[in-house]
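Notes follow the structure.
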Amino acid sequence: MSKEVNILGAGGHAKVVIEIAEELGYKIEQVYDQNIDVTTILDYAVSHNSDSLSGKENIFYALGSNYNRKSNSLKYKSANFNLIHPSAIISRSVAFGMGNVVMAGVIINSSVQIGNHCVINTSACIDHDCEIEDFVHISPNAALAGNVKVLEGAHVGIGASVKQNVTIGKWSIVGAGAVVVNDVPDNVVVVGNPAKIIKNISK
Ligand SMILES: CC(C)(COP(=O)(O)OP(=O)(O)OC[C@H]1O[C@@H](n2cnc3c(N)ncnc32)[C@H](O)[C@@H]1OP(=O)(O)O)[C@@H](O)C(=O)NCCC(=O)NCCS
């Protein structure tokens, strides 16, 4: 029996998700996006009829925005699987929820816990005992040392490094290339080396 997946989202992030799903042998049942200006993605037509998602149980949220992945996952049912690129190296002791995408070249070491609907982007490195909560995005080439906690909805930017034992607060953003050496509170943006708060994010 062929495995099928409905993809919600038709932007650049969704292209990568679709190609990983294809590589893993999934049939793309449909791609949905609310943006009526987007009519195709890769070789697929894009549906704009949200009714077509009702009742589907294998919806994968291929949205780069952490907030949008959360809000859509509250509206529809979710795929109960993860899309993990075959080139990712993942310790046998990693625990995953569902709806996560792990892209090419990722390394996840021992005893890491990953929640639901996270994006672990290309060549990110997550070291031992990290805890990644729901709706997190770890960007390409970001590196988390051991025992880092990334709380719900936080975004670690491209090429950022996070020192061991640090906690990144809920819905906070770590800027591209930042070096985080201290805990980051909820709902802030930090940049630089050492990373410092430059703004608050309204809830
Ligand atoms: C940190 C970030 C979220 C800030 O975005 P923003 O809120 O729109 O902020 P602005 O672009 O207005 O920048 C505000 C200030 O911070 C500086 N700044 C922005 N990003 C920075 C970064 N990554 N490192 C150092 N300084 C940065 C800007 O130069 C600007 O400085 P100024 O006030 O002296 O001119 C964004 O620049 C960033 O790095 N996003 C991560 C992108 C990413 O990882 N993409 C990968 C997706 S897969």
Side-chain angles (χ1 to χ4, degrees), residues 7-23 31 33 35 38 41-42 60-73 82-85 87-90 96 99-108 112 114-127 130 132-145 148-163 166-203:
I7 302 288
L8 195 159
H13 175 71
K15 287 184 182 176
V16 184
V17 171
I18 286 170
E19 290 185 351
I20 295 172
E22 290 173 338
E23 182 133 3
V31 182
D33 196 297
N35 182 355
V38 182
I41 177 170
L42 298 171
F60 203 94
Y61 302 103
L63 301 161
S65 155
N66 295 347
Y67 177 79
N68 289 343
R69 284 199 309 289
K70 178 167 185 175
S71 58
N72 279 285
S73 74
N82 300 299
L83 295 175
I84 300 178
H85 193 279
S87 70
I89 298 173
I90 297 179
F96 278 104
N100 300 291
V101 61
V102 176
M103 293 185 178
V106 163
I107 300 178
I108 308 179
V112 168
I114 297 186
N116 302 300
H117 306 295
C118 295
V119 177
I120 314 298
N121 218 313
T122 311
S123 292
C125 181
I126 302 180
D127 217 322
C130 286
I132 310 293
E133 292 192 348
D134 299 347
F135 312 109
V136 159
H137 184 167
I138 310 294
S139 295
N141 274 318
L144 310 184
V148 166
K149 290 187 176 57
V150 186
L151 305 188
E152 182 185 322
H155 178 196
V156 178
I158 188 164
S161 301
V162 184
K163 189 183 165 189
V166 158
T167 297
I168 309 291
K170 290 184 183 182
W171 301 97
S172 285
I173 300 175
V174 174
V179 178
V180 185
V181 297
N182 295 307
D183 288 353
V184 172
D186 296 348
N187 301 300
V188 297
V189 179
V190 298
V191 301
N193 178 6
K196 299 239 186 299
I197 296 172
I198 57 163
K199 57 177 86 167
N200 295 303
I201 300 171
S202 56
K203 288 187 186 168

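Remember, it's 1-based here, ligands and their atoms both numbered in the order they're listed. Note that the structure is predicted; figures quoted are calculated from it, not measured.
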How many angstroms lie between CG in Asn200 and CG in Asn187, if you round to the nearest 0.5 Å? 8.0 Å
From Ser123 atom OG to Met103 atom CE, the distance as rounded to the nearest 0.5 Å: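 Atom-to-atom, Ser123:OG and Met103:CE are 11.5 Å apart.
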Parallel, tilted or perpendicular, as decided by the 30° and 60° cut-offs, for the rings of Tyr61 and His117: perpendicular
If we check side-chain contact (heavy atoms from CB on, under 4.5 Å) with Ile120, which of these qualifies: Ile90, Val136, Val106? Val106
Using a 3.5 Å cut-off on N/O to N/O, what pairs does ligand 1 make with the protein? A line per pair would be great.
| from | atom 1 | to | atom 2 | distance (Å) |
| --- | --- | --- | --- | --- |
| ligand 1 | 7 (O) | Lys199 | NZ | 2.8 |
| ligand 1 | 9 (O) | Lys199 | NZ | 3.4 |
| ligand 1 | 23 (N) | Ala176 | N | 3.2 |
| ligand 1 | 23 (N) | Ala176 | O | 2.9 |
| ligand 1 | 39 (O) | Ala176 | N | 2.8 |
| ligand 1 | 44 (O) | Ile158 | N | 2.7 |

Residues which pass salt bridge (Lys or Arg N to Asp or Glu O under 4.0 Å) with Lys170, listed by chain and number, not counting sequence neighbours: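 Here no residue qualifies.
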Is a donor from one side chain sitting under 3.5 angstrom from an acceptor on the other, for His137 and Asn121?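 The answer is yes; a qualifying pair exists.
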